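Take a look at the structure set out below.
Keep in mind that the numbers below use all heavy atoms, side chains included, and drop hydrogens, waters and symmetry copies. Here is the naming used below: chain letters follow the sequence lines, and residue numbers restart at 1 for every chain. Only a predicted model underlies this, so the values are computations on that prediction, with no experimental measurement involved.
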2 protein chains.
Amino acid sequence: MTNPLQPAGRRERKKAATRRGIADTALRMFRESGYESVGIREIATEADVAVTTLFAHFPSKEALVFEQAADFETRLVAAVADRDEGASVVCALHEEIRALVQHCTTGDATGIWTMIEQSPELSTYAQVLELRYARTLAAAIQAAPDLHTSEVASDTIARFAMAAFTLARQSADPEAALDEAFGMIRAAWSATQSSEEQ
Amino acid sequence: MTNPLQPAGRRERKKAATRRGIADTALRMFRESGYESVGIREIATEADVAVTTLFAHFPSKEALVFEQAADFETRLVAAVADRDEGASVVCALHEEIRALVQHCTTGDATGIWTMIEQSPELSTYAQVLELRYARTLAAAIQAAPDLHTSEVASDTIARFAMAAFTLARQSADPEAALDEAFGMIRAAWSATQSSEEQ
DNA sequence: ACGCTAACACTAACGGTTAGTGTTTTGTAT
DNA sequence: ATACAAAACACTAACCGTTAGTGTTAGCGT
């Protein structure tokens, strides 16, 4: 009955089940009635947990919506760190972000993103995540052993890449928008590489 | 007694006075005790207004801190729209943002920005403003009569410029950081201009 | 079997924000 | 001058997300 691939302990399984129950309930209620008109207390009641339990699993109401995007950060960092030898960082990012945008603009993730864009609170939270990921990405770029990039340059490229993701996601033609933005990123990156010293 | 340069009506003068009174009181209290430990009700009491009056003048607690940066948006747009004939948008932005960074990192504005960076709430709000300004700036760039820039390109450059401002402001050597970032921006901009059609 | 710890529940509150409902002030048209 | 409409302001009470404090239960290692 229980999935044997899950962590062994009954305790952790129950914890994960509670977590999933909360997230699923919340998302369902958000879809039914809209994000803003569903209160935390209602979600907790519906999911049959205490409000404090909900906040033990999720840091905020907004985080309930972004539960699914948990691997976003990991994938970005991996794209930079594990890219093929000799492959450009920009190319690796371009491909990875193309896949991420595609994932967001097709399938059942679409509904969630329209919900996010309709709520100021969620949009703000998305922005906060964007900056957080940009910081992580910048660190990953600077940590790449085959590159010697200044802090400003890596910060800038990372922010640029995240902005490209967001712009493409919001665009009518995501593929084209992303390619155009990455054309600019490539140029900006070249400028830092050619003016390298030492 | 009253400043004759202010708007004529007694009503508007009183309104402006109330507004300034609230903002000044709030900023003083924030400086004395820290942003987070001063409550809205305390500010209202100290400024001798009702809480609802406070929120009639400012949309949120955070907005009290950013009262002084009201002309930021205007200056950015003006830098693009009113630049010398034939001058590059990037150069105009570079100069204007250099001045803005200098204003933030010297003088009495310094204390406010350290306060902002110490408070997650204020940092988030600053981010929201950054994006708002980037949007306005993008519209200004696209509206420039002597340019024909795609929506993606202007959005990207605008975001890039705002990111440069933030990065420079946070940097140990703001001037150098800004110049480095704008080197990249210039390259990105050139890429869009050279691949122009029609 | 026993104790330790983590997960969860419950109540109550805090702090920003808003709705509802007047009251006073000010500009304007009579 | 006077009356009227609108804007500014006040007050109460609440809403909503979030947290602290305090127990209670259930699983894990010994």
Side-chain angles (χ1 to χ4, degrees), chain A residues 2 6-27 29-30 33-67 116 119-126 128, chain B residues 2 6-23 25-27 29-30 33-67 115-116 119-126 128:
Chain A
T2 57
Q6 290 305 318
R10 184 175 316 165
R11 201 177 213 163
E12 304 186 27
R13 254 180 294 126
K14 286 206 172 184
K15 184 176 177 179
T18 303
R19 182 189 176 87
R20 219 171 311 122
I22 294 171
D24 291 352
T25 305
L27 220 53
M29 295 177 78
F30 289 157
S33 325
Y35 175 77
E36 325 235 277
S37 56
V38 179
I40 284 286
R41 291 166 180 83
E42 297 175 58
I43 299 172
T45 304
E46 183 82 8
D48 199 26
V49 294
V51 173
T52 43
T53 302
L54 189 154
F55 279 106
H57 286 273
F58 300 92
S60 67
K61 184 186 178 187
E62 295 95 322
L64 287 165
V65 174
F66 291 88
E67 173 62 351
I116 291 169
S119 157
E121 271 184 82
L122 287 176
S123 300
T124 298
Y125 194 77
V128 172
Chain B
T2 56
Q6 290 305 318
R10 183 176 315 160
R11 196 177 217 159
E12 304 186 27
R13 255 180 292 127
K14 286 205 172 185
K15 183 176 179 180
T18 304
R19 182 190 176 87
R20 219 173 309 126
I22 295 171
T25 305
L27 220 53
M29 295 178 78
F30 290 157
S33 325
Y35 176 78
E36 325 236 276
S37 55
V38 179
I40 283 287
R41 292 166 180 83
E42 297 176 58
I43 298 172
T45 304
E46 182 82 7
D48 199 26
V49 295
V51 172
T52 44
T53 302
L54 190 156
F55 279 107
H57 285 272
F58 299 92
S60 68
K61 185 185 178 188
E62 295 97 320
L64 287 165
V65 174
F66 291 88
E67 172 62 353
M115 184 169 97
I116 291 170
S119 157
E121 271 183 82
L122 287 176
S123 300
T124 299
Y125 195 78
V128 172

Within the sub-3.5 Å range, which N or O atoms of nucleotides 25-29 of chain D have a protein N or O partner, and how far apart are they?
residue : atom : partner : partner atom : Å
D:dG27  : OP1  : A:K14   : NZ           : 2.7
D:dC28  : OP1  : A:R10   : N            : 2.5
D:dC28  : OP1  : A:R11   : N            : 3.0

- [ ] Starting from P on C:dC8, measure out to CZ on A:F58 and report it in whole angstrom.
- [x] 11 Å

Task: salt bridge (Lys or Arg N to Asp or Glu O under 4.0 Å) involving A:E46 - partner list, sequence neighbours excluded - done: A:R28

Contact list (N/O, under 3.5 angstrom) for nucleotides 17-21 of chain C vs protein:
residue : atom : partner : partner atom : Å
C:dT17  : OP2  : B:K61   : N            : 2.9
C:dT17  : O4   : B:R41   : NH2          : 3.1

- [ ] Round to the nearest Å and state the distance from A:L54 atom CG to C:dC10 atom P.
- [x] 14 Å

- [ ] Provide, to the nearest angstrom, the distance between the CD atom belonging to A:E42 and the P atom belonging to D:dC16.
- [x] 8 Å

Open item on the list: I want to confirm an ordering. Mapping B:E36 and A:K15 to their closest nucleotides on DNA chain C, which one lands closer to the 5' end?
Closed with: A:K15

Open item on the list: Less than 4.0 angstrom between a side-chain N/O of B:H57 and OP1 or OP2 of D:dA8, yes or no?
Closed with: no

Open item on the list: Tell me every residue that passes ring pair (Phe, Tyr, Trp, His ring centres under 6.0 Å) with A:F66, counting only those two or more places apart in sequence or in another chain.
Closed with: A:Y125

TODO: Whole angstrom is fine here: how far is it from OH in A:Y35 over to C1' in D:dC16?
DONE: 11 Å

Open item on the list: Using a strict threshold of under 4.0 Å (side-chain N to carboxylate O), is an ion pair present between A:E121 and A:K61?
Closed with: no

TODO: Kindly write out the residues that satisfy ring pair (Phe, Tyr, Trp, His ring centres under 6.0 Å) with A:F58, not counting sequence neighbours, or none if the list is empty.
DONE: none

Open item on the list: List the residues meeting side-chain hydrogen bond (donor to acceptor under 3.5 Å, both in side chains) with A:E36, not counting sequence neighbours, and say none if there are none.
Closed with: A:S119

TODO: To the nearest Å, give me how far apart CD (B:E121) and P (C:dG16) are.
DONE: 8 Å

Task: By side-chain contact (heavy atoms from CB on, under 4.5 Å) - contacts of B:T45 (at least two apart) - done: none

TODO: Could you please spell out the steps behind the side-chain contact (heavy atoms from CB on, under 4.5 Å) verdict for A:I43 and A:V49?
DONE: CA-CA 9 Å; A:I43 299 172; A:V49 294; over 6 Å; no

Open item on the list: Check the phosphate of C:dA9 against A:T53, side-chain N and O only, distance under 4.0 Å to OP1 or OP2. Yes or no?
Closed with: yes

Task: Residues which pass ring pair (Phe, Tyr, Trp, His ring centres under 6.0 Å) with B:F55, listed by chain and number, not counting sequence neighbours - done: none

Open item on the list: Nearest whole Å is fine: how far is D:dT18 P from A:I22 CD1?
Closed with: 14 Å

Open item on the list: Going by salt bridge (Lys or Arg N to Asp or Glu O under 4.0 Å), name the residues that satisfy it together with B:E62, two or more places apart in sequence or in a different chain.
Closed with: none

